[in-house]
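For ligands, and for the atoms within them, numbers begin at 1 and follow the listed sequence.
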Amino acid sequence: MSKVIISSLYDSPEFRMACRQFDQAADAISLPESIRDRTKHPRRCIAVSLPIRRDDGSVTLYEGYRVQHSLSTGPSKGGIRFAPDLCLGEVAALAMWMSWKCALVGLPYGGAKGGVSVAPAQLSRSELERLSRRYMQELIPFIGPDIDVPAPDIGTNEQIMGWMMDTYSNHIGHLIPSIVTGKPLSLGGSQGRREATGAGVAHLVCRYLTDVLKTPPEHATIAIQGFGNVGSEAALALVQNCGAKVIALSDERGGILNPRGIDVARALAYHRYQGTLAGFEGAEPISNDALLTLPCTVLIPAAVQRVITPEIAAKLRCRLLAEAANGPTTYSADKVLEQRDDIEVIPDLLCNAGGVIVSYFEWLQNRANEYWDRDTVLTKLFAQLDRAKDAVEAQKRKFKFSRRLAAQTLGIERVAHAKQARGLFP
Ligand SMILES: NC(=O)c1ccc[n+]([C@@H]2O[C@H](COP(=O)([O-])OP(=O)(O)OC[C@H]3O[C@@H](n4cnc5c(N)ncnc54)[C@H](O)[C@@H]3O)[C@@H](O)[C@H]2O)c1
């Protein structure tokens with residue numbers, strides 16, 4: 001019997017949610033008590049203070065975090081989030097989900113996540129560069145291409161990964177591209193990485209529409225919350241590759257709706273120029289909450305976690321919920337969804353795994369110093385997603401689990417087996 005000392009270190013709604021999911025999955029597969037606590041709890045966390053000189057000469061102190069949840073199956077892997085109100089517990093939950101996701105899709109990685117509590121839009125470019133470099137500088141003793149490999153997430157992008165890689169490489173004394181993924185192409189980034197998460201979401205949506213809902217993608221209407229890297233690339237791929245109709249889009253300032261279909265390429269150009277979708281011609285305004293409960297074939301939350309509450313879950317009018325964001329559905333909302341046989345769910349662990357899969361490809365290319373073309377990357381990506389989808393469907397059928405529980409149990413079981421095989425040291 002193992003004994004865990006419960007601390008309040010990570011306490012947050014996200015961490016409690018991840019722990020409840022873990023407990024449910026561990027019970028469902030009768031995971032031995034002796035392995036549960038060390039599979040569940042993060043291996044280590046780092047919290048750093050980041051004093052940054054502002055352009056006006058003043059100094060602001062930011063807090064940064066990195067949580068390495070599991071290192072049993074390889075280096076840990078996960079994004080860096082720049083967001084106001086980010087806390088250690090949110091990062092720990094996201095790191096836990098990364099462990100299960102990497103295991104589910106068969107990557108030789110553990111899970112990690114990091115970030116800084118900051119509103120990046122309120123910093124100038126040079127302030128953002130100083131913050132990104134200082135954050136990486138503080139992490140240098142704890143990360144490395146064989147230890148922990150960051151990537152972009154909410155509020156970070158290719159340029160920030162480039163600054164971080166440069167900071168690490170300057171410290172080592174020569175170029176180390178494999179220290180981060182999601183870099184600019186000119187610095188060893190991979191073809192297809194920028195669109196990987198969104199294109200993977202679109203690929204799975206088309207597969208589920210065809211295989212499960214028996215609906216041709218060209219007949220599907222799509223609503224997407226979040227128009228950043230993931231939401232915008234998913235929208236483009238759904239229109240361009242699948243012929244679907246995107247009827248609603250949103251960002252944190254609000255959304256736009258056009259039941260006849262939104263010109264996504266134009267919306268993207270407008271968003272790049274204006275920094276928001278608000279005011280886009282050819283569509284009417286819609287609130288984020290109204291978007292979630294819009295009648296549509298596919299709803300794609302692609303912004304932040306915990307937006308689908310039990311109240312919203314009861315009011316959803318989509319037929320397929322494709323979770324591009326991490327943790328968009330609360331634990332209690334999931335119980336509501338389990339009672340609704342009119343909605344199929346592609347759970348986050350599977351749905352948004354395209355990003356980490358192509359990050360793995362980028363890391364492999366950097367280490368081999370050999371670069372693949374876009375078609376090769378996307379073909380390998382879709383094949384790996386299809387294998388993971390088939391495994392989830394088989395687990396779902398075999399144990400009569402929900403699709404979410406099938407994905408979670410597969411991921412958690414693989415991490416636990418690796419820990420058991422390695423044994424307990426000392
Ligand atoms: N970037 C990746 O490769 C990747 C991979 C897997 C999962 N994800 C997940 O996808 C989600 C989006 O990540 P991203 O990289 O696209 O981030 P991003 O910063 O590029 O975009 C986030 C988008 O969400 C919007 N948003 C933020 N808060 C919102 C709110 N409260 N309501 C509505 N919209 C809001 C923003 O305006 C923006 O349009 C996150 O949950 C992230 O963890 C990202």
Enquirer: With the threshold set at 4.0 Å, does a side-chain nitrogen-carboxylate oxygen contact exist between Glu393 and Lys389?
Expert: no
Enquirer: Under the salt bridge (Lys or Arg N to Asp or Glu O under 4.0 Å) rule, collect the residues that match up with Lys77, sequence neighbours excluded.
Expert: none
Enquirer: Listed by chain and number, what are the salt bridge (Lys or Arg N to Asp or Glu O under 4.0 Å) partners of Arg317, not counting sequence neighbours?
Expert: none
Enquirer: Within the protein, flag every N or O under 3.5 Å from an N or O of ligand 1, and note the pair and distance.
Expert:
{"residue": "ligand 1", "atom": "3 (O)", "partner": "Arg193", "partner atom": "NH1", "Å": "3.4"}
{"residue": "ligand 1", "atom": "3 (O)", "partner": "Arg193", "partner atom": "NH2", "Å": "3.2"}
{"residue": "ligand 1", "atom": "3 (O)", "partner": "Thr197", "partner atom": "OG1", "Å": "2.8"}
{"residue": "ligand 1", "atom": "16 (O)", "partner": "Asn229", "partner atom": "N", "Å": "3.2"}
{"residue": "ligand 1", "atom": "16 (O)", "partner": "Val230", "partner atom": "N", "Å": "2.9"}
{"residue": "ligand 1", "atom": "19 (O)", "partner": "Gly155", "partner atom": "N", "Å": "2.9"}
{"residue": "ligand 1", "atom": "20 (O)", "partner": "Asn229", "partner atom": "N", "Å": "2.9"}
{"residue": "ligand 1", "atom": "37 (O)", "partner": "Glu252", "partner atom": "N", "Å": "3.0"}
{"residue": "ligand 1", "atom": "37 (O)", "partner": "Glu252", "partner atom": "OE2", "Å": "3.4"}
{"residue": "ligand 1", "atom": "39 (O)", "partner": "Phe227", "partner atom": "N", "Å": "2.9"}
{"residue": "ligand 1", "atom": "39 (O)", "partner": "Gly228", "partner atom": "N", "Å": "3.2"}
{"residue": "ligand 1", "atom": "41 (O)", "partner": "Ala303", "partner atom": "O", "Å": "2.8"}
{"residue": "ligand 1", "atom": "41 (O)", "partner": "Asn326", "partner atom": "N", "Å": "3.1"}
{"residue": "ligand 1", "atom": "43 (O)", "partner": "Arg81", "partner atom": "NH2", "Å": "2.9"}
{"residue": "ligand 1", "atom": "43 (O)", "partner": "Asp153", "partner atom": "OD1", "Å": "2.7"}
{"residue": "ligand 1", "atom": "43 (O)", "partner": "Asp153", "partner atom": "OD2", "Å": "3.4"}
{"residue": "ligand 1", "atom": "43 (O)", "partner": "Asn326", "partner atom": "ND2", "Å": "2.8"}

Enquirer: Fit a plane to each ring of Tyr109 and Trp363, take the angle between them on a 0 to 90° scale, and name the class: parallel (under 30°), tilted (30 to 60°) or perpendicular (over 60°).
Expert: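 If you compare the ring of Tyr109 with that of Trp363, the planes turn out perpendicular.
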Enquirer: How would you list, by chain and number, every residue that makes a salt bridge (Lys or Arg N to Asp or Glu O under 4.0 Å) with Glu413, sequence neighbours excluded?
Expert: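 By the salt bridge (Lys or Arg N to Asp or Glu O under 4.0 Å) rule, Glu413 matches no residue at all.
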Enquirer: Determine the sole option in Lys40, His69, Gln68 for which the side-chain hydrogen bond (donor to acceptor under 3.5 Å, both in side chains) test with Ser99 is passed.
Expert: His69
